[in-house]
Each structure stands twice: as structure tokens, then as C-alpha cells.
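Both counts, for ligands and for their atoms, begin at 1 and track the order of listing.
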Amino acid sequence: MMATQIASSISISFLSCVSLLLVLCFSKNGYALGGGERETLQSHFHTVQVNSLLPASVCSPSTKDKRKGASLKVVHKYGPCSHLHEHSKENAPTVTEILRRDQLRVNSIQSRLRQNSLKESKATTIPANSGRSIGTGNYIVRIGLGTPKKDFTIIFDTGSDFTWTQCQPCLGSCYQQQEPIYDPSLSSTYTNITCSSHQCSQLSSATNLPPRCFTNTCVYGIVYGDSSFSQGFFGSETVTLTPSDVFPNFLFGCGEKNDGLFGGAAGLIGLGRDPLSLVSQTSSKYGNYFSYCLPSTTSASGYLTFGNGGGSSTGSSLQFTPLLSNSKAPSLYFIDIIGIKVSGQTLSISQLVFKTAGSIIDSGTVITRLPPAAYDALKTAFRDQMKQYPMAQSTRLLDTCYDLSRYNSVKIPQISFLFGGNIELPLDTKGILYAINVSQVCLAFAGNMAASNLAIFGNVQQQTLDVVYDVAGGKLGFGSGGCS
Ligand SMILES: *[C@@H]1O[C@H](CO)[C@@H](O)[C@H](O)[C@H]1NC(C)=O
Ligand SMILES: *[C@@H]1O[C@H](CO)[C@@H](O)[C@H](O)[C@H]1NC(C)=O
């Protein structure tokens, strides 16, 4: 990823560099499955109230937030706890649209690995428009920016690295957002990064596009898998996570031309492993340690916490699996999936199936993607246990769907994932079924096209879990009951 030579030598006008980026776009997501189901664990089945599978319309934020450290409240971009949609002309996308965008994101992540292997053989060329960056995530937090501080609602994403916000005077164009757009001229702590600086050359690996230069100011551009994009000046600014967690000179993008369905959020926080990610830039305080809980309904809240402030507040015990890295995509969080259990039975899947593909965990991918052989085994076992329910039409992505319109409650098999480090993670019922509507409720997993495609542990399956990224310690922790 040696793009640094190219970096500061190109000088073109801001507008022509702006025109480099275009196209339609979006990415965000999903209706998590609703709350309020009763669960019985006897004989490896869950009993689920069917109406709990549908999105809720009232916000009922979590009350159990006793976390130490810098803890931010997490809500879903399109749920009733988010104030974004009230002010954005953009309506929440349909479930079908969410799944379509999810596939664009996944294609982009998977091509990132293929692309980088091409790159290795061709040494120095950086593709002008590579798929390294991916579609944006679905969960939002509020952070403070500037001096005096103003608060902004921002998407966070473990699958990307670069942090940016829309920025006045929006030389290109800005999309509509909830809060007034950040204006660097009103902040005493904003500084432009110059083209010749070391920081400017770091952009190539964080955005996968070489930086440009405009009157000696470093210009970044980032394009996501769904063609959403942001472009503008590379700057530094004071970021305030909590009143006691303030970071001067944080490197970020002051986005003067941005488009995509960011849902009214002011920008994006990248939580990957690149040196420019928020995790890396705050590592002296937090030691590359963060955790989150993604709420299981659009109407509840979870948390995003930086640092190891005593671990899980719920006292749930964490189980750890090794966090792996892959030189083809060094900023992604690789994990070791080794097997799947359905109703207490380990599926017969050769370990080579997961080894061949490799696996990551990602906060922005909605539906977990599995190697074809693993998905087939899962689907077969699941269908076998669900025989009493009438099947419904498949969606483009999900092929094991049921018509539950005639039931008040259903009995569904437990599903657990087995990870390296000898841990077994039982999924919440919200991580098993994904409802299009009551007459089309689907197994919330999809098979990859090819055996060599990366497996991705997605956010539907992560809901309600404490997920702990101990990056420095090389391990990922899971705990149950982190949020509702
Ligand atoms: C940053 O650079 C741009 C382009 O040169 C310029 O228009 C803007 O005023 C600069 N901002 C600051 C705070 O220096
Ligand atoms: C459920 O969704 C499917 C696919 O979008 C649609 O064909 C069907 O009419 C919907 N059913 C109900 C009851 O809304």
C-alpha cells in the first residue's frame, strides 16, 4: 500500500477533482427484529412471538448504561430513537432496498481482498477507483467537534477507517443533515493539513485513493461500495467524545462535496485498524480497545465505548476468540469461525470450508455471509427443524423464508457459532430470523457465490451482544445481554 509517492505531487483544481467522484448511492440498514419475545431454551428451541419480529415504532432507550470510560449511546439510523429521519427528506429504505445495498457492501469488501492480491503482483499502481472502501454502516452516535464544541450525529463503521463530516462552505454540495453543517471558520482549533505533510501521504491507505492537492491544502476523496462518497479538505480538529475525553489535532475529512444516503447523519467514523482510524488516533488513551452493543430493535439503544473501563457493565462474562489479521486487507477484523450448531447439533462442515474463505466481523454488513458449503448445511438443518411452518417465497438474498401470518408464536431452533479459542456463541433470536413482513420471515443468513469469498459475521447476528475489540491484545470478546 505504498501510495505515498503519488500523494502530494498531483495538483489539480478542486472542482475537477470533485468531478472524479460521481454516481448514485447509499447504504444503510435494517430493521432489526423487534423486542419483547419470550424465550424458552428447553430442548434447543426458542419460542418467539411473531409480532416481535416486526419493527417497533416507539423509542424505548436502554436504561442500563453503567459503563465506565468514554461511552456513547448507539441507536439505529432509521429507528424511532434516531431523530435523523424527522429532518431528512430521505425516507427510511424498504427492507428489500436494505438487502440490495447490503449485497453491494459485501461485494465491495470481497473485492477488496481480490483487488489487493492483484495489486501485489503489479507492485506500484493504485487503482483510481478501487473497491477497498465499502458501503456505510447503520448505527449512529453523537460526538463533539471543534472549539467551541458542537455536537454531530455520525455513523460508525468497523469496516472502514477514515472519519469525515460535511463541512461548510460545501464548495461541491452537501446533502441534507440533521444538525447545522460543521463550519471550520467558526472553530478556533481547525487546521488544514498541507500537501507536503506526512499526514497527507497517510490518506492513501485510509481512503484507498491517493490524496490531491489544492493551493497547498491536502484534498481527500473516499468512495464507498454503494457509490456514496465524500470529498474535501484534510484537516485536524478537536474531537470531544465525552467531557473528559477530548482529543486535539484529530485528523479527519472536512467534506465539501458529499453524497449518498447517509440518512441525515453528519458524517462517518471509521473504526478499522488503519493508522488514521479513530481507534488508532486515540490509542494512547484507549490502547486500541473499544466495544459496542448494537440494539436489537430500531427502537432501543446500545453503546459504543472506547477504552477498557472495566469491561461489560452487565457483568456478563466475556468469551474471547483470537483477532487475526490478513495482509491483503490489514484494516479489517479477521476472526476464526470454525463451526455452527443448530438445535445443539454441530453441523458437519469441514474446517477447510472456513479456512479457505477466511472470515471477518463487520458492524456495517447486515446479514452474515457464509461459504456456500456452510450455508447449505445450515439451511438444510434449519429447514428440517422448521418443517411445520409453511414456506414463503425467497428474496433475492434470503432463500429460506416462512409465512408466519397465521401464528402468534413460533418455535425456532437455536443457532450457535463456534469460534477459535473454543468458544460457543448462542445467537439471539433476532440473529436467526429477519422479517420482510409477517408473511415473509427468513433465515437471516446468506451463502456466498464462491467458496473462496470471505465470510462476514454481520450486524443482525451481533445484536444484543457485548462485542469487545481488544485490538492490542489480539482478541475479540463476546458477551450476551449487552443491550436489548
Ligand atoms: C483550508 O484550505 C482551503 C483551500 O486552500 C481554504 O479555502 C480554507 O480557507 C483553508 N482553511 C483554513 C482554516 O485555513
Ligand atoms: C410481504 O412482502 C412481500 C415481498 O415484498 C409482498 O409480496 C407481500 O405482499 C407482503 N405481504 C404483506 C402481508 O405485506
Side-chain angles (χ1 to χ4, degrees), residues 7-8 10-18 29-31 33-34 50-55 57 91-103 145-148 150 164-174 181-197 199-200 203 211-221 230-239 248-258 366-367 389-408 410 433-444 446:
S8 49
I10 307 162
S11 177
I12 61 167
S13 81
F14 183 71
L15 283 179
S16 74
C17 115
V18 153
N29 293 312
Y31 294 49
L33 297 176
V50 171
N51 62 11
S52 76
L53 297 172
L54 300 167
S57 56
N91 292 318
T94 63
V95 179
T96 310
E97 182 58 19
I98 286 162
L99 296 180
R100 192 183 74 81
R101 292 173 194 171
D102 196 44
Q103 190 57 44
L145 202 57
T147 310
K150 303 234 166 78
W164 59 268
T165 58
Q166 297 206 98
C167 211
Q168 294 289 12
C170 296
L171 276 184
S173 64
C174 290
I181 291 174
Y182 166 75
D183 186 346
S185 72
L186 301 180
S187 170
S188 61
T189 40
Y190 177 84
T191 331
N192 278 334
I193 301 298
T194 61
C195 299
S196 55
S197 66
Q199 291 97 320
C200 187
L203 276 177
R212 308 276 177 164
C213 191
F214 178 72
T215 61
N216 202 31
T217 299
C218 183
V219 172
Y220 77 92
S230 172
Q231 186 179 42
F233 298 115
F234 190 33
S236 86
E237 180 54 290
T238 298
V239 166
N249 308 315
F250 182 80
L251 297 165
F252 80 119
C254 186
E256 301 238 5
K257 182 175 170 77
N258 320 285
V366 181
I367 299 290
Y389 302 111
M391 290 198 74
Q393 215 184 347
S394 303
T395 75
R396 220 159 145 178
L397 183 66
L398 307 173
D399 70 2
T400 297
C401 303
Y402 297 88
D403 178 355
L404 302 182
S405 56
R406 291 186 289 117
Y407 298 85
N408 292 323
V410 291
L433 288 175
Y434 191 84
I436 311 299
N437 58 38
V438 73
S439 37
Q440 203 180 16
V441 178
C442 307
L443 176 62

> Return yes if some donor-acceptor pair links the side-chain N/O of Gln168 with the main-chain N/O of Asp183 below 3.5 Å, else return no.
no
> Determine, counting only non-hydrogen atoms of the protein, whether one lies under 4.0 angstrom from atom 7 (O) of ligand 2.
no
> Is there a donor-acceptor pair under 3.5 Å between the side chain of Gln231 and the backbone N or O of Val219?
no
> With a 4.0 Å cut-off, strictly under, does atom 2 (O) of ligand 1 pick up any protein heavy atom?
yes
> Can you check whether Cys401 and Cys442 have SGs under 2.5 Å apart?
yes
> Measuring only between side-chain heavy atoms, which start at C-beta, is Cys218 closer than 4.5 Å to Leu203?
yes
> With a cut-off of 4.0 Å, which atoms of ligand 2 are near a heavy atom of Gln440?
2 (O), 3 (C), 4 (C)
> Name the closest protein heavy atom to atom 13 (C) of ligand 1, giving the residue it belongs to and the distance to 0.1 Å.
Tyr190 CD2, 3.7 Å
> Please write down residue, atom name and distance for the protein heavy atom closest to atom 5 (O) of ligand 1.
Thr215 OG1, 2.7 Å
> I'd like to check whether Asn192 has a polar contact with ligand 1, where a contact means an N/O of the residue lying under 3.5 Å from an N/O of the ligand.
yes
> For Ser405 and Ser439, test the side chains for any donor-to-acceptor distance below 3.5 angstrom and give the result as yes or no.
no
> Roughly how far, to the nearest 0.5 Å, is the CG atom of Leu398 from the OH atom of Tyr434?
8.0 Å
> Within a strict 4.5 Å, meaning less than it, do heavy atoms of the Glu237 and Tyr190 side chains meet?
yes
> Which of the numbered atoms in ligand 1 are below 4.0 angstrom from a heavy atom of Phe233?
3 (C), 4 (C)
> Hey, is ligand 2 close enough to Ser439 that some N/O pair sits below 3.5 Å?
yes
> Among all protein non-hydrogen atoms, which one is nearest to atom 11 (N) of ligand 2, and what is the separation to 0.1 Å?
Asn437 ND2, 3.0 Å
